[in-house]
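In what follows, a structure is listed as structure tokens, so that the remarks can point back to it.
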Amino acid sequence: MCEDHPERSRGVTHHASRITGGMMRFSKLVDYLAELEATTKRLEMTATLGRLFKEASEEDIAPIIYLTQERLGPAFEPIDFGIGEALAAEALVKATGKSKEDIKKLYKDCGDYGLVAEKLINDKTKRLSVVDVFDRLKEIATTSGEGTVEKKTRLLSDLLTQVTGHEARYVLRIPLGRLRLGIGDPTVMEGLSWSVTGDKTLRPQIERAYNVCSDLGQVAHVFKAEGVDALKKIKVQVGNPVRMALAERAKSAEDIVTRLGKCAIESKFDGFRCQIHKKGNDVRMFSRNLEETTAMFSDIAEGIRKQLKAKTAILEGEALAYDPDTGEFHPFQVTMQRKRKYDLEAMTVKYPLRLMAFDLLYVDGKDITGEGYAKRHETLASIITPDDKVQVAQHLVTQDAKEIEKYFMEAITGGLEGIMAKRLDSKYQAGARNYNWIKLKRSYQGHLSDTVDGVIVGYLRGRGMRARFGIGALLVAVYDDKQDKFTTVAKIGTGFSDVEWPQMREMLDKISVDHKPARVEAVMQPDVWVEPKYVIEMQADEITRSPIHTAGKVGDEPGYALRFPRVIGFIRTDKKPEDATTVKEILTMFGKQGKSKVSEQ
Ligand code: AMP
């Protein structure tokens, strides 16, 4: 009844591309989206994006990037479309004159309002530009006040009456989050490079700019308008989160000394990473994946206003729940209670937070990311008046492995996660994970001393007892950040309860796709593929070589897999798929085990 149009999905019919002011027609973008949808190879995807970006004008490029990532702006400033399935159905009723029952029936057949719209809308005139559609969606998103739902419905149905059926498919899929293209930031960056050079050679310059401002629209605009050299002028600025520096692992205190020599040793606090931007009394906070958390952590914002002497600053630290009577930190499970969207005031009283500040990136109008760590930390200490809400993480400067060992033991005896070692003269390298920062964590039970964050890419139907859930195991991948791919590392069927399995299935069915997603590489075939979206934390006995997994696989060599994996907790809502453990980390963990076995599981 309600079928996809394969000829449309595959072939791009290049219509007259420009309308006034060098702007791209929305129909042109839609042709590209259909082409991207039909691709299962990342390289093809990058090349297609390259052509799209080449054809885009300076005005179009940012809206195009946001729309292909199902957004209306950078990820750190999410503008919720405010268009759910019920509203989409209602707008279709208005736009097509069909009854609600007809629309619902069609939807039941194909499970996609985009396809329903395509089927019902017969208009052939391509009137609107990309910018028109972007502006109209933004207008719908920002509509508020009395009668919001009616206003939004009217605006959306107006929009639907001005597009073709094929355009309508995407006009609905974008706000409903159903594009399912899975275009990650690295693919966009490489696409930008392709648009000029036909290869990915400009990615480092593009990535540097992106790491600093976290806004691919802004980066693409400068790149398009002024060329690659102009990207250098994108600087750290208060209000734009900086992509956070990350740590590598060490296996021992000696390992740290061998790599860093004399270095700063700090406690590794187990809470939420916070990047705090202060401009006068205006304080904003961002999480590790650059989501704004200001509303959640208002007590820390208050502390910053009171205790930070600088007028403008960007600082980082770890926020942890603590017991005001004893001054002791709570474990992560308690701190986690603060990550919620309701009862915020009550939570600040029940579980107050303290920020352990450890880095300073910007102070009183000056970007200091280029200064050494020791200097930045010293400046940080000089602008904070320590009190309950904000304190500076103390550190020990040493090159003595025994002293480091002692510090480590004290940290874990005190209930902390371990230690962080920092190279004294290291710059703050936005978005980089390297040995400027090294973590040494306490061991978990089992041989593998660390947990692995994996992304679910599919599931297998259960056998035996699990058959009644229709789900028995997950196919889980890690992230290859160099190639923007997800490669499998485990088939995991342990760790969820009988209540959690059906929940998991329901969540996964909402993001199921009928073929292997373009960014996933796998040998093992699950029964159901899903978009790489949900991150789970896993523990395992060890990492082994495995012919049936693709993580770290080169040519005909086996890949790497988790042996006896089990899930800890449920979905890690604080992590995006790209925040999962990387292939490189898996290889490092494997190297630290110092053995190599081939597993048959
Ligand atoms: P992991 O999440 O295991 O890769 O460890 C890195 C995280 O440790 C950072 O993102 C911070 O959230 C956290 N952390 C805790 N204490 C510190 C510290 N003293 N310096 C830097 N990061 C820290």
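Both ligands and their constituent atoms are indexed starting at 1 by order of listing.
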Could you note down all residue pairs passing salt bridge (charged side-chain N to carboxylate O under 4.0 Å, His left out) where residues 235-250 supplies at least one of them, sequence neighbours left out?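 As it turns out, the salt bridge (charged side-chain N to carboxylate O under 4.0 Å, His left out) pairs with a partner in residues 235-250, which skip direct neighbours, are E248-K584, R249-D450, R249-E585.
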Please output the side-chain donor-acceptor pairs of residues 385-394 that fall under 3.5 Å, not counting sequence neighbours, one pair per line with the distance.
residue : atom : partner : partner atom : Å
K389    : NZ   : L353    : O            : 2.7
Q391    : NE2  : D387    : O            : 3.3
Q394    : NE2  : V392    : O            : 3.1

Under 6.0 Å from the ring centre and within 45 degrees of the ring axis: does the NZ or CZ of R566 meet both conditions for the six-membered ring of F564?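 Ring-cation test returns no.
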Can you pull the residues with any heavy atom under 4.0 Å from ligand 1?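 Under the 4.0 Å cut-off, ligand 1 touches E266, S267, K268, F269, R273, R288, E318, F358, M420, K422, W437, K439, K441.
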Would you check if the distance from the ring center of F329 to the ring center of Y322 is below 6.0 Å?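 Centroid distance F329-Y322: not below 6.0 Å, so no.
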Assert yes or no for the condition that the ring centre distance of F272 to F297 is strictly below 6.0 Å.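 Yes; F297 has its ring centre under 6.0 Å from that of F272.
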Mind jotting down which residue pairs meet the side chain to side chain donor-acceptor pair (under 3.5 Å) criterion with at least one end in residues 286-315? Sequence neighbours excluded, please.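 Output for this query lists R284-E292, S287-N289, E292-T294, D299-R338, E302-R305.
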